[in-house]
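Just below is one structure, and these are the notes that go with it.
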Amino acid sequence: MTSLLDGSELERGRALAITADSLAKADDGELFLERRRSESLVFDDGKLKAASFDDSQGFGLRAVVGETAAYAHATEFSEAALKRASEVCATITRSGTSAKVALPPQRSNARLYGEANPAEALGFAEKVALLQKADGFARGLDPRVRQVSVSLAADWQSVEIVRADGATYRDIRPLVRFNVSVVSANGSEQGQGSHGLGGRGDPLSYLAEDIWQEAVREALRQSLVSLEAKPAPAGEMDVLLGPGWPGILLHEAIGHGLEGDFNRKKTSAFAGLMGTRIAAKGITVVDDGTLPDRRGSLTIDDEGTPTNCTTLIEDGILVGFMQDRLNARLMGVAPTGNGRRQSYAHAPMPRMTNTYMLNGDRHPDEIRASIKRGLFAKSFGGGQVDITSGKFVFSCTEAYLIEDGRITAPVKGATLIGAGAEALTRISMVGNDMALDPGIGTCGKQGQGVPVGVGQPTLRIDRLTVGGTAA
């Protein structure tokens, strides 16, 4: 894996020297170099509506003293640009005090994915033909189909992290995503469904005919269910969460509250609760960035730390937080490989990778049969979470009534309302069918978006507030 500085205006030796000088009186910091190529195609309403390609590069230089960080970035690899960034970093390191330098990240020889650019797996004409074929396939499945939108996105990111001592960490990260949305109509009623998939594996494995056809069928199925759905009832009821993508509720309502920065600043609902019971027995939650080819996985994070499988909750007990280097140092613990940034233009912060709940011992049918009256939430759309209180509101994109242990009528307009910490204690049954999402998640935090994964088994949550639209 060659250096990103090879062939650039910025000579490598000078880059190392300027970085070392910039960070000499800092507690921590790094030079983060990035080269990125991304491509996106959207086939909508029977036509290629959008096609974009971007080739970008840049660096970010960060110096950290205590809990204060100075950060500067530029789009050119040049000595002049790096010197200007160094001047910004010097604003917090000019005191001349002796810095206690943080230990460098340990190295890892692991490789969790290949290095090929997924945008080059197919030619442009082949990609357009694939999207057109998917569009035609969807329209031929059911006469009620009114609109189809199919998209394909590919991303290739090469990063290089240089520390004050000259140690260098490199990674190449491919990413692909395929998505299809279907709108169906029956008279005046309309229904909508969507399904996506992707990851960091072999790009062609996500674009095989049987794979994209199954994605189209799933989007159509959701659309037709939505077409027949009735307004959801409101009130407090038992809720059955399906496996896989519904783990997004776990990610948002609980996961963010277990990130190191919120707990160091004591703004999380879980601050000060380390070692105490925060969930029912049998509940174990991990953040695992080491899963091969997964969307949220990273060989190393954006500070050079190898990712880990970090146990956050073990049998209901809070045992860990997700940490970047800054917050780990200030909290006196080890980094967990969760220092992430959207690009060279952003400073890293603790972020999730693949966050999921481990299997329990109940069969999904047993859990469903235990619910007299409730709601089965099979899939979610958008939601809002307050990190300090843990309160959340999530909208269900596919949901059904449960009556006498049976899944009955589909409903629309259902929202789940509660607080993450309280919801954890109300999980009464955990299924044995844990699944990860198909590779579609993007997490936002402080204006930065990064790819993530979620997952969980079937869950029963007792007495959760459901917002509905039924009269």
Side-chain angles (χ1 to χ4, degrees), residues 1-6 10 12 15-24 26-36 57-65 69-73 77 82 85 89 99-113 115 157-175 200 259-261 287-290 296-310 322-331 333-354 448 450-451:
M1 196 181 301
T2 61
S3 171
L4 290 177
L5 295 175
D6 291 350
L10 178 58
R12 180 170 176 76
L16 268 60
I18 295 171
T19 300
D21 183 63
S22 302
L23 304 181
D27 295 342
D28 202 1
E30 72 286 312
L31 172 65
F32 180 86
L33 302 150
E34 178 188 31
R35 176 77 184 272
R36 194 169 210 149
Q57 68 175 30
F59 73 82
L61 181 65
R62 180 179 67 147
V64 181
V65 175
Y71 194 74
H73 61 88
F77 292 160
L82 185 55
C89 291
K100 182 181 179 182
V101 180
L103 294 175
Q106 294 184 347
R107 293 192 176 275
S108 170
N109 292 321
R111 290 293 303 167
L112 301 178
Y113 31 76
E115 298 183 2
Q157 181 194 32
S158 177
V159 304
E160 183 171 348
I161 300 152
V162 180
R163 295 190 51 78
D165 60 0
T168 302
Y169 307 78
R170 300 187 181 109
D171 193 21
I172 292 179
R173 303 162 179 171
L175 191 64
R200 300 192 185 276
E259 292 168 337
D261 50 353
D287 182 84
D288 190 354
T290 70
S297 295
L298 295 170
T299 299
I300 57 173
D301 71 3
D302 292 324
E303 299 177 305
T305 306
T307 54
N308 291 279
C309 180
T310 303
M322 292 164 279
Q323 301 284 7
D324 63 348
R325 288 177 60 84
L326 185 153
N327 288 280
R329 176 173 53 82
L330 295 175
M331 296 178 74
V333 298
T336 57
N338 290 92
R340 306 189 64 186
R341 65 183 96 199
Q342 179 174 308
S343 74
Y344 68 87
H346 304 82
M349 66 179 97
R351 306 292 300 273
M352 284 172 273
T353 57
N354 304 297
Q448 294 191 43
V450 296

Exercise. Taking it one step at a time, do S343 and R36 satisfy side chain to side chain contact (heavy atoms under 4.5 Å, CB included)?
Worked result: CA-CA 9 Å; S343 74; R36 194 169 210 149; 4.3 Å; yes
d(D261 CG, L326 CG) to nearest 0.5 Å is 9.0 Å
For E115, the side-chain contact (heavy atoms from CB on, under 4.5 Å) test, sequence neighbours excluded, returns M1, R111, I172
**Asked** Got Q323 and N338 here, is their nearest side-chain heavy-atom distance under 4.5 Å?
**Response** no
Notebook entry, point to check: Between the side chains of Q57 and E34, is a donor N or O closer than 3.5 angstrom to an acceptor N or O?
Noted result: no
Taking the side chain as every heavy atom from C-beta outward, state whether Y344 and F32 have any atom pair closer than 4.5 Å. yes
Between the OG atom in S158 and the CG atom in D171, the distance rounded to the nearest 0.5 Å is 8.0 Å
**Study point:** Step-by-step side chain to side chain contact (heavy atoms under 4.5 Å, CB included) determination, M349 to R341
**Key:** CA-CA 7 Å; M349 66 179 97; R341 65 183 96 199; over 6 Å; no
Next on the checklist: Any salt bridge linking D28 with R325? Criterion: basic side-chain nitrogen under 4.0 Å from a carboxylate oxygen.
Outcome noted: yes
Review point. Distance under 6.0 Å and angle within 45° of the ring axis: does R173 meet both against Y113?
Key: no
Just so I know, are the side chains of T353 and S297 near enough to count as touching, which here means a heavy-atom distance under 4.5 Å? no
Separation between OG1 (T168) and CD (E30), nearest 0.5 Å, reads 12.5 Å
Could you tell me if the side chain of N327 sits less than 4.5 Å from the side chain of R329, heavy atoms only?
no
Exactly one of R62, R340, R163 clears salt bridge (charged side-chain N to carboxylate O under 4.0 Å, His left out) with E303, and that residue is R62
By side-chain contact (heavy atoms from CB on, under 4.5 Å), S108 pairs with (sequence neighbours left out) A110, P306
Residues at least two apart in sequence or cross-chain that pass side-chain hydrogen bond (donor to acceptor under 3.5 Å, both in side chains) with R107, listed by chain then number, are none
Using a 4.5 Å cut-off on heavy atoms from C-beta on, say whether the side chain of T307 contacts that of L112.
yes
With sequence neighbours left out, the residues meeting side-chain hydrogen bond (donor to acceptor under 3.5 Å, both in side chains) with D288 are T290, Y356
Value for CZ (F59) from CZ (R35), rounded to nearest 0.5 Å, stands at 16.0 Å
Residues P348 and G339: closest non-hydrogen pair is CB-C, 4.3 Å
For P350 and D324 the tightest heavy-atom approach is CD-OD2, 3.3 Å
Problem - Donor-acceptor side-chain pairing of T310 and D287 below 3.5 angstrom - result: no
Looking only at heavy atoms, the pair that brings M331 and G260 closest together is SD-O, 3.7 Å
Taken in chain and number order and not counting sequence neighbours, the residues that satisfy side-chain hydrogen bond (donor to acceptor under 3.5 Å, both in side chains) with R351 are none
Under the criterion side chain to side chain contact (heavy atoms under 4.5 Å, CB included), I'd like the reasoning laid out for C89 against L23: C-alpha separation, chi angles, the key distance, then a yes or no. CA-CA 8 Å; C89 291; L23 304 181; 5.6 Å; no
Would V162 and L16 satisfy side chain to side chain contact (heavy atoms under 4.5 Å, CB included), going step by step from the backbone distance to the final call?
-> CA-CA 7 Å; V162 180; L16 268 60; 4.0 Å; yes
query: Would you say T305's side chain and D301's backbone share a donor-acceptor pair under 3.5 angstrom?
result: no
Would you indicate whether the side-chain heavy atoms of I300 and P105 approach each other to under 4.5 Å? no
By side-chain contact (heavy atoms from CB on, under 4.5 Å), L5 pairs with (sequence neighbours left out) S3, S8, L10, R12, A15, L33, F77
Q) Under the 3.5 angstrom rule, does the side chain of E160 hit a backbone N or O of L4 as a donor-acceptor pair? A) yes
